[in-house]
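Here is the naming used below: chain letters follow the sequence lines, and residue numbers restart at 1 for every chain.
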There are 2 protein chains.
Amino acid sequence: MVSEMVSETEKFKEYLVSRKLKFTPERQAILYQVFATHKHFEADELLVDLRNNDMKISKATIYRTLALLVESGLLREVISGERHAHYEHVYGHEHHDHLVCNKCGKIIEFVEQRIEKLQDEVCRVNKFKPESHRLQIQGLCEDCIETEWVGQK
Amino acid sequence: MVSEMVSETEKFKEYLVSRKLKFTPERQAILYQVFATHKHFEADELLVDLRNNDMKISKATIYRTLALLVESGLLREVISGERHAHYEHVYGHEHHDHLVCNKCGKIIEFVEQRIEKLQDEVCRVNKFKPESHRLQIQGLCEDCIETEWVGQK
DNA sequence: CTACGTGCAAATGGTTTGCACATAC
DNA sequence: GTATGTGCAAACCATTTGCACGTAG
């Protein structure tokens with residue numbers, strides 16, 4: 001189990017060094033706990049898991065470290081990330097999905113029936129009854145690709 | 001059966017009647033404003049638009065009415081809806097998407113390369129440079145389909 | 001008439017932040 | 001030694017809710 005940890009630890013350390021950040025006991029503990037099991041989780045669950053292992057790490061540190069893990073590419077935010085809800089018309093408009101520009105925030109709508117078909121197929125295979133879905137691709141729009149290198153964080 | 005489109009107002013009234021709810025001036029104003037333009041928006045923007053048209057409607061009513069418009073099928077929540085972020089491993093795991101059960105919350109992961117391919121195609125057509133994407137299908141999982149759904153709201 | 005709706009202000013609750021102290025490097 | 005990190009509590013902020021009053025049907 002520990003041998004599996006090594007690669008993630010190395011990856012994280014690499015990231016920290018590249019950002020001139022430190023590898024603290026708190027970050028080590030969080031990293032370990034996060035990769036101790038392969039499951040979806042949220043910040044509070046992580047806090048509980050850590051408490052159960054006698055690690056007393058504050059929520060603030062957990063949130064700050066999770067952000068680092070996402071930035072380093074070790075974790076992904078599956079749900080949400082947005083602070084508030086956005087709405088769009090449904091009635092009288094064909095179903096569509098979205099390309100969202102990470103730089104200027106522009107939203108491009110697109111329709112691709114073949115993707116819809118494949119989704120139905122996936123649901124059938126998994127004996128899942130779909131009620132709605134959301135496909136969102138983040139990236140850079142045509143205008144922003146040119147100035148891509150500006151303002152990287 | 002009907003080929004011509006019923007107005008949004010009619011659709012909303014239908015829904016309200018079916019739920020024994022009332023068609024108030026506030027709901028009428030919000031409905032009008034929401035469909036005055038075809039754009040993505042959030043609650044606060046709607047409030048501002050209404051204020052600009054001299055409609056003084058409280059935030060509470062706006063949120064309550066938006067919920068009704070979503071339930072009636074006139075609007076769709078494009079982004080978020082979730083209260084808190086969920087995370088999953090990235091490093092060492094193949095990219096996958098999710099089936100999320102609306103009843104028990106179970107998350108089923110799936111991989112469908114053909115969908116990924118089509119996404120790339122969509123990006124190419126729109127001259128969009130993808131950095132990440134998120135496909136999430138909401139519905140009922142196998143176990144929950146049996147138990148059906150009683151308390152729909 | 002009366003069940004439903006509204007505005008207001010206060011509550012919620014996940015997440016973020018200011019600050020003083022602690023520590024990795 | 002110093003730039004970073006941490007814990008704590010308070011702040012944030014979109015959204016929800018309790019309550020007393022208003023009103024559509």
Item checked: Length of the line joining A:Ile62:CD1 and D:dG7:P, which is rounded to integer Å -> 8 Å
Checklist line | Between D:dC13 (C1') and B:Asp44 (CG): distance, integer Å | finding: 10 Å
Next item on the list: Could you label the plane-to-plane angle of the A:His96 and A:His98 rings as parallel, tilted or perpendicular, counting under 30° as parallel and over 60° as perpendicular?
Entry: perpendicular
Margin query: Hydrophobic cluster membership, with links at side-chain heavy-atom distances under 4.5 Å among I/L/V/M/F/W/Y: are B:Val70 and B:Leu47 in one?
Written below: yes
Next item on the list: Tell me which of B:Arg64 and B:Pro25 sits closer to the 5' end of DNA chain D, going by the nucleotide each one is nearest to.
Entry: B:Arg64
Check: Taking N and O atoms by type only, does the side chain of B:Lys22 place a donor or acceptor under 3.5 Å from a partner on the base of C:dA3?
Finding: yes
Check: Within the structure, does a side-chain N or O atom of A:Ser58 lie under 4.0 Å from either OP1 or OP2 of D:dT6?
Finding: no
Margin query: Which nucleotide wins on minimum distance to the side chain of A:Ala60, given the candidates C:dT6, C:dT17, C:dC25?
Written below: C:dT17
Next item on the list: Using a 4.0 Å heavy-atom cut-off across all strands, classify B:Arg27 as base, sugar-phosphate, or nothing.
Entry: sugar-phosphate
Check: Of the nucleotides D:dA14, C:dG7, C:dG18, which one has an atom closest to the side chain of B:Tyr63?
Finding: D:dA14
Notebook entry, point to check: Nearest to the side chain of A:Lys59, which nucleotide is it out of D:dT6, C:dT6, C:dT15?
Noted result: C:dT15
Margin query: If you define the side chain from C-beta out and look only at heavy atoms, does anything of B:Val111 sit under 4.5 Å from B:Glu116?
Written below: no
Checklist line | Among D:dG5, C:dG7, C:dT17, the one nearest A:Leu21 by side-chain distance | finding: D:dG5
Checklist line | B:Asp44 vs B:Ile62 side-chain heavy atoms within contact, under 4.5 Å | finding: no
Notebook entry, point to check: Between D:dG25 atom P and B:Gln28 atom CD, what is the distance in whole Å?
Noted result: 10 Å
Item checked: A:Thr24 vs D:dT4: side-chain N/O to OP1/OP2 distance below 4.0 Å -> no
Next item on the list: Report the distance from atom CG of B:Leu66 to atom P of D:dT15, rounded to the nearest whole Å.
Entry: 9 Å
